[in-house]
Amino acid sequence: MADIIKLLPDHVANQIAAGEVVQRPASVVKELLENAIDAGATIIKLIVKDGGKTLIQVVDNGIGMSETDARLSFERHATSKISDAQDLFNLRTKGFRGEALASIAAIAHVDMQTRKESSDVGTHIKIEGSKVMFQEVVATPSGTSISVKNLFFNIPARRNFLKSHQVELRHIMDEFHRVALVHPKIAFHLYNNGSEIFNLPVTSFRKRIVNVFGSKMDERLVPVHEETEVVQISGFVCKPEFAKKSRGEQFFFANDRFIKSPYLHHAVVNAFEGLIKPDTYPGYFLYLQVDPKSIDINIHPTKTEVKFDDEHTLYAILRSSVKHSLGQFSVAPVLDFDRDSNLDTPYAFENKTAILPKVTVDSSFNPFDNVVAKTKGDSSYQKQSAKGWENLYEGLDTLNPEKDFSSFEIESETAVQSSLYAEEDLTQETGVTFQLQRKYVVSTVKSGLLVIHQNRAHQRVLFEKFLGEITVEKGLGQQLLFPLEVHFTAQERAILEEIQDSLNNVGFQFEDLAKETVKVTAVPAMISESKIGTVLDLLIADFKEGFRNEGVSQAELLAQGLAKNLAIKSGEVLNEESQMALLHDLFACKEPTLSPKLKKTYTIISEGDVEKKLL
Ligand code: ADP
Ligand code: MG
């Protein structure tokens, strides 16, 4: 029988390898930037068009390549960075596999011009799909310029898999940040479709972080510093009060390389324990230096996963040094010469002692009693609260929106049916509603007691409203008398631009989206002016997360985000009118039974349920 095993031709092998190295334009950006850094460049320009799908170009002023090296650099396993296996344990460069250029050239049109400072003329090479189109002598500045066009031109499946320009641009910016943050002594420029997005001059670590993430970052940073035999740690954590719901501003660098490490992340989060709310993440920029022998970066081709020899020790050191810094930061006295003295305690109040608020509990309160509920519910609350602020605390200790009342979450089998309520005649019953635990709106229906989760229900109502506005017909915005200026980072602005059309449809209007301070000129009618900044911040944070989470359309994601941020919260007091409105709006929805995140919006406690309980 004939032998059947054949060696793959080089261009096929390269294409296969490319699949590992190049997933999207951002992967090319990473490889080219790293090559420029390895070449000792001090100024690096990154130029992209259409999210890198049309063009990715990196221009550096590094050492350049000789004519032969220029040609060899596109061969697989051709590298100047290691020569034997031993070198792998002493890596000081970012590249070492010698696969990147070969892989990129296999799946794109690559044009390279390079010159060493010592030679008079440079080399110009053009390669398309691993085929050298030409190589010629050229007059060019010293350093290297590589442009990559038509990525995946010969792999349509890959090309089709790419996301929108803006999404790809965001991935590119992620890579750009990772590289720029750890090399403040290199100047970086990023241009997208002809306009400059970043111009990062040579500076310190701290200033680089601020230049990337915007000036508001400066006051948030707390320095971390630790030197031990195992590791040197430097960098910053963000003050606990700036912990965010979304991940994003978390950066570890090991030996000048961006790394991901859930284990070390845990160490940092652990150090923040008790200082931040659950479900929020602290921001950090931590630079670790370890002996190159004690770190293995070879375990993954895209090289963000690493393995440390002594992870446990590293964990402990990291945790304690972050804790130490946080401790110092909070006990250190603040010397603030710009402090507004008007903010200090007024003279006359200095010697007074604070009066503890009184807490009175109405032990006779019975939520199931409609009559009582009506007088003790929200409307009476408002009347009383006018009398004195102490009343604000009334009933507070019975209010525990998260924990209490879990018995109401127990659903009977027939409880949730979307058609159920529609068939009932609402007005036929008492039409009375009341609020329970400031979390539920309760009403009576034919088959029993209807308990609506006010937050989820309102999310459903708003979700359908916004989704309709985005996809079917525009909603009305309210013009602001004075445009509101909101500060965003470049990445946040890229997200804003991406969702701008949908935001316009629900009533937002923006000006100066290209500048660091964006002007908001109109907002949806239901957003109060003081909330605009927060709502936009939260929306953007959702999107940062969301674009990793495939399968949800942009319109849905935005409607979900707006609904989540604007919906009535648990703990919010609703007057009778709002309770009624919520009830009607909910059952006017297409899908009243479930919140946008597919949690139940209401349950019905039937007479049978009550009877069972009373057995
Ligand atoms: P690696 O970086 O793993 O060595 P690459 O395929 O990325 O592999 O690059 C191959 C070689 O080409 C490098 O080892 C280096 O010698 C050379 N090279 C690539 N980019 C540059 C550049 N911008 N300036 C100078 N030399 C470069
Ligand atoms: Mg490389």
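Keep in mind that the numbers below use all heavy atoms, side chains included, and drop hydrogens, waters and symmetry copies. Both ligands and their constituent atoms are indexed starting at 1 by order of listing. Since this is a predicted model, take the numbers as computed values, not measurements. Counting from 1, the numbers follow the sequence of the chain as shown.
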> Between D60 and ligand 1, is there a nitrogen or oxygen pair with a distance under 3.5 Å?
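Yes, since at least one N or O of D60 sits under 3.5 Å from an N or O of ligand 1.
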> Could you pull out all residues at least two apart from E75 that satisfy salt bridge (Lys or Arg N to Asp or Glu O under 4.0 Å)?
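Expected list: R71.
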> Heavy atom under 4.0 Å from ligand 1: found in T144's side chain, backbone, both, or neither?
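Under 4.0 Å from ligand 1, T144 contributes side-chain atoms alone.
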> Are F252 and Y284 close enough that their ring centers fall under 6.0 Å?
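Ring centroids of F252 and Y284 are less than 6.0 Å from each other.
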> Using ring centroids (six-membered ring only for Trp), state whether H124 and F134 fall under 6.0 Å.
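Centroid separation for F134 and H124: below 6.0 Å.
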> Nearest heavy-atom pair of F236 and I209: which atoms, and what distance?
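Nearest pair, atom of F236 first, then I209: CD1-CD1, 3.6 Å.
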> Counting heavy atoms only, which of M65, E75, E34 is nearest atom 27 (C) of ligand 1?
M65
> How does T114 reach ligand 1, if at all, at less than 4.0 Å between non-hydrogen atoms: by side chain, backbone, both, or neither?
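Answer for T114: neither.
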> Report yes or no: does a heavy atom of E31 sit under 4.0 Å from some atom of ligand 1?
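The answer is no: ligand 1 sits nowhere under 4.0 Å from a heavy atom of E31.
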> Could you check, using the six-membered ring where one of them is a Trp, whether F153 and H109 have ring centers closer than 6.0 angstrom?
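For F153 and H109, the ring centres are under 6.0 Å apart.
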> Less than 3.5 Å between some nitrogen or oxygen of A102 and one of ligand 1, yes or no?
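Not met; the criterion fails.
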> What are the atoms of ligand 1, with element, lying closer than 4.0 Å to any heavy atom of A100?
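In order of numbering, the contacting atoms are 6 (O), 7 (O).
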> Suppose we call two aromatic rings close when their centres sit under 6.0 Å apart. Are F213 and F488 close by that rule?
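No, ring centres 6.0 Å or more apart.
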